[in-house]
Novice: 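This is the structure I want to talk about, given as structure tokens.
Quick caveat: nothing in here was measured; it's all calculated off a predicted structure.
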Amino acid sequence: MWSAAESSSAAGVGTVALVRETAEDLGAGVGGVPVQDADFLEAVYGNAWWVVSLIVVVTFVLLAVALRSVVLPLKALLLNVLSLAAAYGVTVLIWQEGFATEVLFGQIASGSLTTWVPIAVFSFLFGLSMDYEVFLLSRIREEYDATGDTDRATVDGVARTGRLVSSAALILFLAFISLSRVPATDVKIMATALALGIILDATLVRGVLAPALVAGLGRANWWHPWARRPEAAGRHRISTKV
């Protein structure tokens, strides 16, 4: 059976599902690459939301305990979503829509993204981006504990971690750029997403948005529900002395 629509398109996927349903009603089975692709997508992405939700919850809890804050972990996760969205968006623009593909890679756009690329990019970028965030926020937390001044802590935290984050991001960016020169288009797509994601995260997100949000939120950054109120702590110290 031949379909007018490409098997990976929305119309093609619908056709494959219809053929499989019809065949199963007749007690038959369907094989071929389109069916294998559909099964692969179901196996990889069928429970993806549960896995992602678990990662988000565990990350939030660990950061909340480490940073002694509820706001900072939430901000870190939201900025990670922004970094991933930007990486996905620019990769789609280059490889699916064909923007500057010939200039950058000397070939025409593939017209689509390989099925395993989004989940692979998520795995790499989420971990790397969160590493940069932890470097920055933990340093800001240390400076705030020492000074009690959010603005000063933000400036000192960025100053002390900026070279480390920038150097690490540049090394990874160049490594992924080198990886994008291999002949396989699938690898080129993944390397493009990783390189763009790393450089956007290190420059715009961690270098501008993250410290700007910390400075803008002020004392709200350090709120967490298990903290003792200062007045309660003061009463405890007085009563102990008496």
Side-chain angles (χ1 to χ4, degrees), residues 1-59 77 80-102 104-131 172-173 175-201:
M1 176 180 176
W2 295 92
S3 172
E6 205 277 326
S7 60
S8 62
S9 64
V13 170
T15 301
V16 171
L18 179 61
V19 171
R20 295 185 73 174
E21 182 180 352
T22 303
E24 289 172 359
D25 290 340
L26 298 175
V30 179
V33 174
V35 176
Q36 293 176 2
D37 290 342
D39 290 340
F40 178 82
L41 286 174
E42 178 62 27
V44 174
Y45 295 99
N47 296 321
W49 288 111
W50 292 103
V51 175
V52 172
S53 299
L54 179 61
I55 293 173
V56 168
V57 171
V58 172
T59 301
L77 290 169
N80 254 16
V81 171
L82 180 61
S83 295
L84 286 166
Y88 286 147
V90 179
T91 304
V92 168
L93 182 65
I94 293 174
W95 285 106
Q96 187 167 312
E97 303 299 328
F99 178 79
T101 310
E102 294 187 28
L104 295 174
F105 299 97
Q107 66 184 75
I108 62 174
S110 62
S112 62
L113 300 185
T114 310
T115 53
W116 55 266
V117 166
I119 194 68
V121 170
F122 169 81
S123 302
F124 278 101
L125 283 185
F126 185 89
L128 292 172
S129 299
M130 193 57 68
D131 279 346
L172 288 171
F173 173 75
F176 289 132
I177 288 295
S178 300
L179 183 62
S180 71
R181 310 316 298 174
V182 303
T185 301
D186 295 351
V187 179
K188 286 178 179 289
I189 296 173
M190 184 185 73
T192 301
L194 292 175
L196 292 172
I198 287 295
I199 204 68
L200 288 172
D201 183 82

Novice: Ala87 and Ala193: which non-hydrogen atoms are nearest, and at how many Å?
Specialist: CB-O, 3.8 Å
Novice: Calculate, to the nearest 0.5 Å, the distance between atoms CH2 and OG belonging to Trp116 and Ser123 respectively.
Specialist: 11.0 Å
Novice: Considering residues, nucleotides and ligands other than Tyr45, do more than 12 of their heavy atoms fall under 6.0 Å from its OH?
Specialist: yes
Novice: Counting only N and O atoms by type, is there a donor-acceptor contact under 3.5 Å from the side chain of Lys188 to the main-chain atoms of Pro183?
Specialist: no
Novice: Is any side-chain heavy atom of Val92 closer than 4.5 Å to one of Leu113?
Specialist: yes
Novice: Begin with the C-alpha distance, continue with both residues' side-chain angles, and end with the deciding distance and a verdict on side chain to side chain contact (heavy atoms under 4.5 Å, CB included) for Val187 and Leu179.
Specialist: CA-CA 7 Å; Val187 179; Leu179 183 62; 3.8 Å; yes
Novice: Mind checking the OG1-CG spacing from Thr115 to Leu41? Nearest 0.5 Å is all I need.
Specialist: 5.5 Å
Novice: Should we count CZ of Phe105 as having more than 12 external heavy atoms under 6.0 Å?
Specialist: yes
Novice: Please name the pair of heavy atoms, one in Ala195 and one in Phe173, separated by the smallest distance, quoted to 0.1 Å.
Specialist: O-CD1, 3.3 Å
Novice: Which value, rounded to the nearest 0.5 Å, describes the distance between Leu93 atom CG and Thr192 atom OG1?
Specialist: 11.5 Å
Novice: Please test Phe126 against Thr59 for side chain to side chain contact (heavy atoms under 4.5 Å, CB included), starting from the C-alpha separation and ending with a verdict.
Specialist: CA-CA 10 Å; Phe126 185 89; Thr59 301; 3.7 Å; yes
Novice: Tell me, do Met190 and Thr91 make a side-chain contact under 4.5 Å, heavy atoms counted?
Specialist: no
Novice: Roughly how far apart are Leu125 CG and Leu196 CG, rounded to 0.5 Å?
Specialist: 9.5 Å
Novice: Please report the shortest heavy-atom distance between Ser83 and Ser129, naming the atom on each side.
Specialist: CB-OG, 4.4 Å
Novice: Taking atom types as modelled, is there a side-chain donor on Trp95 or Thr101 under 3.5 Å from an acceptor on the other?
Specialist: no
Novice: Taking atom CG of Leu194 and atom CD1 of Ile199, what is their separation to the nearest 0.5 Å?
Specialist: 13.0 Å
Novice: What is the distance from atom CD of Glu42 to atom CG of Asn47, rounded to the nearest 0.5 Å?
Specialist: 7.5 Å
Novice: Using the side chain to side chain contact (heavy atoms under 4.5 Å, CB included) rule, take Leu77 and Val81 through it: C-alpha gap first, then chi angles, then the decisive distance, then the call.
Specialist: CA-CA 6 Å; Leu77 290 169; Val81 171; 5.8 Å; no
Novice: Please walk me through it: do Val52 and Phe122 pass side chain to side chain contact (heavy atoms under 4.5 Å, CB included)?
Specialist: CA-CA 10 Å; Val52 172; Phe122 169 81; 4.1 Å; yes
